[in-house]
Amino acid sequence: MGQRLADSLPGFEAEALEAVMRRALRNGTTAVHEYRAWPPEDPSREHAFAVSYFCLQDADGKTLGLCGISVDVTGSQRARERLAILSQAATRIGSTLDVMQTGQELADLAVPLLADYAYVDLADSVPFGEEPATRIDTMSDRPTVFLRAGQASIHPGTPESPYARGEKVFVPPTSPLATVLRTGRSHLEPVMDVSPGTWLDHDPARAQKIREHGMHSVMIVPIIARRAVLGVALFVRTQDPVPFHEDDLLLAEELVTRAALSLDNARQYTRERTAALALQRNLLPHRLMGGAAVEAAWRYLPADTDAGVGGDWFDVIPLSGARVALVVGDVVGHGINAAATMGRLRTAVRTLADLELPPDELLAHLDDTFQRLAEQDADAPDQTPTVVGATCLYAVYDPATRKCTMARAGHPPPAIIGPQGRVTFPDLPTGSPLGIGLGIPFEAVELELPEGTLLALYTDGLIETRDDDIDVGMRCLGTALAQPSHSLEDLCTRATETCQGQAPTDDITLLLVRTRSLNPAQVASWTLPNDRTAVRSARHMATRQLTEWGLEGLQDPTQRIVSELVTNAVRHSTGPIGLRLIQHQALTCEVFDPDANSPRLRDARATDENGRGLFLITQLSRRWGTRPEPGGKVIWAEQDLDSAPPHTRASGTPPARKE
């Protein structure tokens with residue numbers, strides 16, 4: 001009483017307050033001012049005040065003095081600041097589905113609004129989408145390992161941190177960090193204890209950083225989502241002299257709770273995406289085996305770039321006689337469901353290809369398989385199955401004859417680029433898409449391809465756009481591929497980048513193969529009469545041919561294979577018999593006969609005189625089979641070129657018995 005404001009309370013922005021008082025006196029109106037100060041009754045904590053001054057006048061309007069009302073608004077102001085920070089958190093945390101980025105966003109928001117230095121450490125399994133533990137055991141013999149997901153500081157370069165973002169962080173078992181992870185409860189230390197004898201004695205690197213940068217107050221908050229600990233967030237004050245209080249801890253826990261939800265969403269997305277990509281990798285071929293027939297390269301670009309999966313598939317399937325099957329298909333739709341259907345169809349194609357069916361017959365069987373799968377997937381037995389549909393192109397190329405037989409089921413025709421760069425799209429019967437059930441038969445077309453021909457099989461996502469007709473896309477593809485001297489990888493890149501100038505709306509698959517042909521010296525064929533002399537002649541001719549090829553080590557097993565196959569042809573057919581030997585990556589022996597019935601392997605009893613021929617062929621070859629041919633069938637057997645099978649070198653091998 002009796003003193004000026006500047007004399008009694010010099011620390012309360014006295015000059016600014018007196019200026020407000022003079023303005024209220026001069027204008028005769030109320031004046032309001034807000035300021036922050038440390039009141040004597042609570043010198044350790046800054047308070048916010050709002051003061052109102054209004055003029056006191058008598059009945060005649062003469063000024064008598066001032067009346068001032070000062071209100072401590074610290075609580076309401078902190079509430080407003082807290083709401084402002086939480087409002088920013090809603091827009092700044094969780095902007096992506098990347099776990100590491102979300103951790104960095106939390107640290108960036110906390111500095112400098114709440115702390116001078118902050119970091120976020122996540123369990124090392126979280127960035128990979130794995131399920132975290134309910135509680136993290138920090139007392140075991142194995143060190144607890146985290147990844148530094150994010151960190152921020154008021155100083156450039158975050159000098160307070162001994163770790164870089166993305167590095168592994170080890171948690172000392174006696175530290176407050178370990179206690180928070182073990183209990184799942186936050187830790188508030190308004191004044192850090194850095195005296196000797198604390199847990200910092202076991203972590204000198206952290207202790208040095210704490211002392212070097214003057215860290216004096218700390219909060220540690222566990223990151224918990226769905227009752228599982230994802231990691232920990234730490235907040236530190238260095239230059240701000242005010243220690244953390246309970247209100248600050250509540251705000252930090254609010255921020256971490258919001259970040260935990262985003263982190264868990266990102267983790268689950270990572271897990272689902274990893275599973276989807278693993279599914280796609282297992283459904284599609286890891287590498288293409290073109291053998292002696294073709295050189296192959298491919299591109300696969302799903303429209304669902306987030307999940308990385310789609311309904312397109314492709315394959316190069318080795319067949320007998322150095323031939324290969326080429327297939328590209330497209331299931332209607334995108335995402336995981338289309339990928340699952342694609343996997344079932346690809347497996348069916350592989351199974352049917354092993355039966356050596358012609359392309360048109362294979363598509364007919366595949367169409368039946370697709371319809372049965374759709375019926376099995378119906379929700380109820382009496383429900384009409386939903387038609388999904390798929391398209392497919394299937395081709396078989398023979399390097400011995402350079403002939404390619406292909407058929408399609410509603411799929412775009414292939415692009416054929418000759419050795420001189422001439423581009424054609426063969427006129428193939430379109431065929432109906434798979435699963436539609438129109439009953440239209442598929443038709444196959446046979447083409448002869450010069451050696452070095454480029455064959456492009458693709459899905460419609462490569463040539464279709466919203467703005468242009470499909471013919472424009474096909475011309476664009478042909479122009480991009482009309483460079484036969486370029487490598488297949490370069491051509492794949494050129495075609496996918498040139499023909500898709502905008503984000504794809506459909507899955508894109510491109511399979512490029514460059515045809516090869518066998519040297520005539522690699523193929524030997526004969527026509528034999530259908531009588532008993534055929535067996536002896538076949539053995540002699542095969543032996544002579546293997547000698548010319550330098551494969552004397554395979555003469556004995558090849559003679560036995562030839563004897564069995566030709567004997568069966570003589571016994572079970574009429575008409576000429578064909579014998580062909582092919583030397584490629586294996587030695588293939590093929591015998592043609594006019595009988596369309598395929599033999600089958602059976603278990604002969606001890607008293608049976610016949611029935612052991614195919615069993616013997618199974619022992620002598622790495623694989624054997626049969627395929628239909630116009631006017632009959634071909635039975636074939638393959639042997640490795642490196643050496644004769646071990647059992648052929650054993651003594652006492654009994655002579656082959658005829659069926």
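Sequence positions, counted from 1, serve as the residue numbers for this chain.
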* To do: Look up atom CG in Asn530 and atom OG in Ser573, then write down how far apart they are to the nearest 0.5 Å.
  => 4.5 Å
* Asked: Does some side-chain heavy atom of Gln585 sit less than 4.5 Å from a side-chain heavy atom of Leu641?
  -> no
* **For Thr391 against Gly410, the heavy-atom pair lying closest together** => CG2-O, 3.3 Å
* side chain to side chain donor-acceptor pair (under 3.5 Å) between Glu356 and Thr626, intermediate numbers included -> CA-CA 7 Å; Glu356 307 265 8; Thr626 179; over 6 Å; no
* Check whether any side-chain N or O of Asp315 sits under 3.5 Å from a backbone N or O of Ile317 as a donor-acceptor pair, and report yes or no. => no
* Residues two or more places apart in sequence or in another chain: which of them pass salt bridge (Lys or Arg N to Asp or Glu O under 4.0 Å) with Asp367? -> none
* Specify the closest pair of heavy atoms between Asp398 and Gly321, including all atoms of both residues, with the distance to one decimal. => OD1-O, 4.2 Å
* Structure fact -> For residues 424-433, the side-chain hydrogen bond (donor to acceptor under 3.5 Å, both in side chains) pairs (sequence neighbours left out) are Arg408-Thr430
* **Residue pair Leu510 / Ala456: nearest heavy atoms and the distance that separates them** => CD1-CB, 4.3 Å
* Give, for atom OG1 of Thr405 and atom OH of Tyr397, the distance between the pair rounded to the nearest 0.5 Å. => 11.5 Å
* For Gln268, enumerate each residue passing the side-chain hydrogen bond (donor to acceptor under 3.5 Å, both in side chains) test, keeping only those at least two apart in sequence or located in another chain. => Asp264
* Compare all side-chain heavy atoms of Pro285 with those of Phe314 and state whether any distance is below 4.5 angstrom. => yes
* To do: Scan side-chain atoms only and decide if Gln639 and Thr558 contain a donor-acceptor pair under the 3.5 Å cut-off.
  => yes
* Using modelled atom types only, decide if a donor and an acceptor are shared between the side chain of Trp549 and the backbone of Ala521 within a distance under 3.5 Å. => yes
* Structure fact -> The reported gap from CZ in Phe615 to CG in Leu620 (rounded to nearest 0.5 angstrom) is 10.0 Å
* Structure fact -> Heavy-atom closest pair (Ala390 atom, Val331 atom, distance to 0.1 Å) is CB-CA, 3.9 Å
* Which pair of heavy atoms, one from Gly421 and one from Ala482, lies closest together, and at what distance? -> O-CB, 3.7 Å
* Does Arg494 reach the main-chain N or O of Ala480 with its side chain, forming a donor-acceptor pair under 3.5 Å? -> yes
* Among residues two or more places apart or on two chains, list those pairs meeting side-chain hydrogen bond (donor to acceptor under 3.5 Å, both in side chains) that have a residue in residues 479-490. => Arg299-Glu489, Ser487-Asp490
* Audit row: Ser621, Arg623, side-chain contact (heavy atoms from CB on, under 4.5 Å) steps and yes/no -> CA-CA 5 Å; Ser621 61; Arg623 65 177 188 142; 5.8 Å; no
* Asked: Among all residues two or more places apart in sequence or in another chain, which pass the side-chain hydrogen bond (donor to acceptor under 3.5 Å, both in side chains) test with Arg532?
  -> none
* Asked: CG/Leu491 to CG/Leu454 distance, rounded to the nearest 0.5 angstrom?
  -> 6.0 Å
* To do: Mind telling me whether Tyr458 and Phe425 have parallel, tilted or perpendicular rings, with 30° and 60° as the class edges?
  => perpendicular
* Any pair counted as salt bridge (charged side-chain N to carboxylate O under 4.0 Å, His left out), so long as it reaches residues 431-446, sequence neighbours left out -> Lys403-Glu446
* Asked: Can you name the side-chain hydrogen bond (donor to acceptor under 3.5 Å, both in side chains) partners of Thr270, sequence neighbours left out?
  -> none
* Is any side-chain heavy atom of Ile416 less than 4.5 Å from a side-chain heavy atom of Val423? -> no
* Asked: Do Thr369 and His365 get their side chains close enough for a donor-acceptor pair, meaning under 3.5 Å?
  -> no
* Structure fact -> Taken in chain and number order and not counting sequence neighbours, the residues that satisfy salt bridge (Lys or Arg N to Asp or Glu O under 4.0 Å) with Arg422 are none
* Name all residues meeting the salt bridge (Lys or Arg N to Asp or Glu O under 4.0 Å) criterion together with Glu590; count only those two or more places apart in sequence or in a different chain, and write none if there are none. => Arg580, Arg627
* Asked: Between atom CG of Leu393 and atom OG1 of Thr459, what is the distance when rounded to the nearest 0.5 Å?
  -> 11.5 Å
* Asked: Going from CG on Asp593 to CD1 on Ile635, what distance comes out if it is rounded to the nearest 0.5 angstrom?
  -> 6.0 Å
* Asked: When you check the gap from the basic side-chain N to the acidic O, do Asp368 and Arg372 get nearer than 4.0 Å?
  -> no
* Name all pairs fulfilling the side-chain hydrogen bond (donor to acceptor under 3.5 Å, both in side chains) condition that reach into residues 509-522, sequence neighbours left out, sorted by first residue then second. => Asp312-Thr509, Glu451-Ser517
* Asked: So, for Val324 and Leu319, which heavy atoms are closest and what is the spacing to 0.1 Å?
  -> C-CD1, 4.0 Å
* Considering residues, nucleotides and ligands other than Arg350, do more than 12 of their heavy atoms fall under 6.0 Å from its CZ? -> yes
* With sequence neighbours excluded, what pairs up with Asp360 under the salt bridge (Lys or Arg N to Asp or Glu O under 4.0 Å) test? -> none
* Decide if atom CD of Gln420 counts as having more than 12 heavy atoms of other residues, nucleotides or ligands within a radius under 6.0 Å. => no
* Are the side chain of Arg544 and the backbone of Met541 linked by a donor-acceptor contact shorter than 3.5 Å? -> no
* side-chain hydrogen bond (donor to acceptor under 3.5 Å, both in side chains) partners of Gln555, counting only residues at least two apart -> Thr547
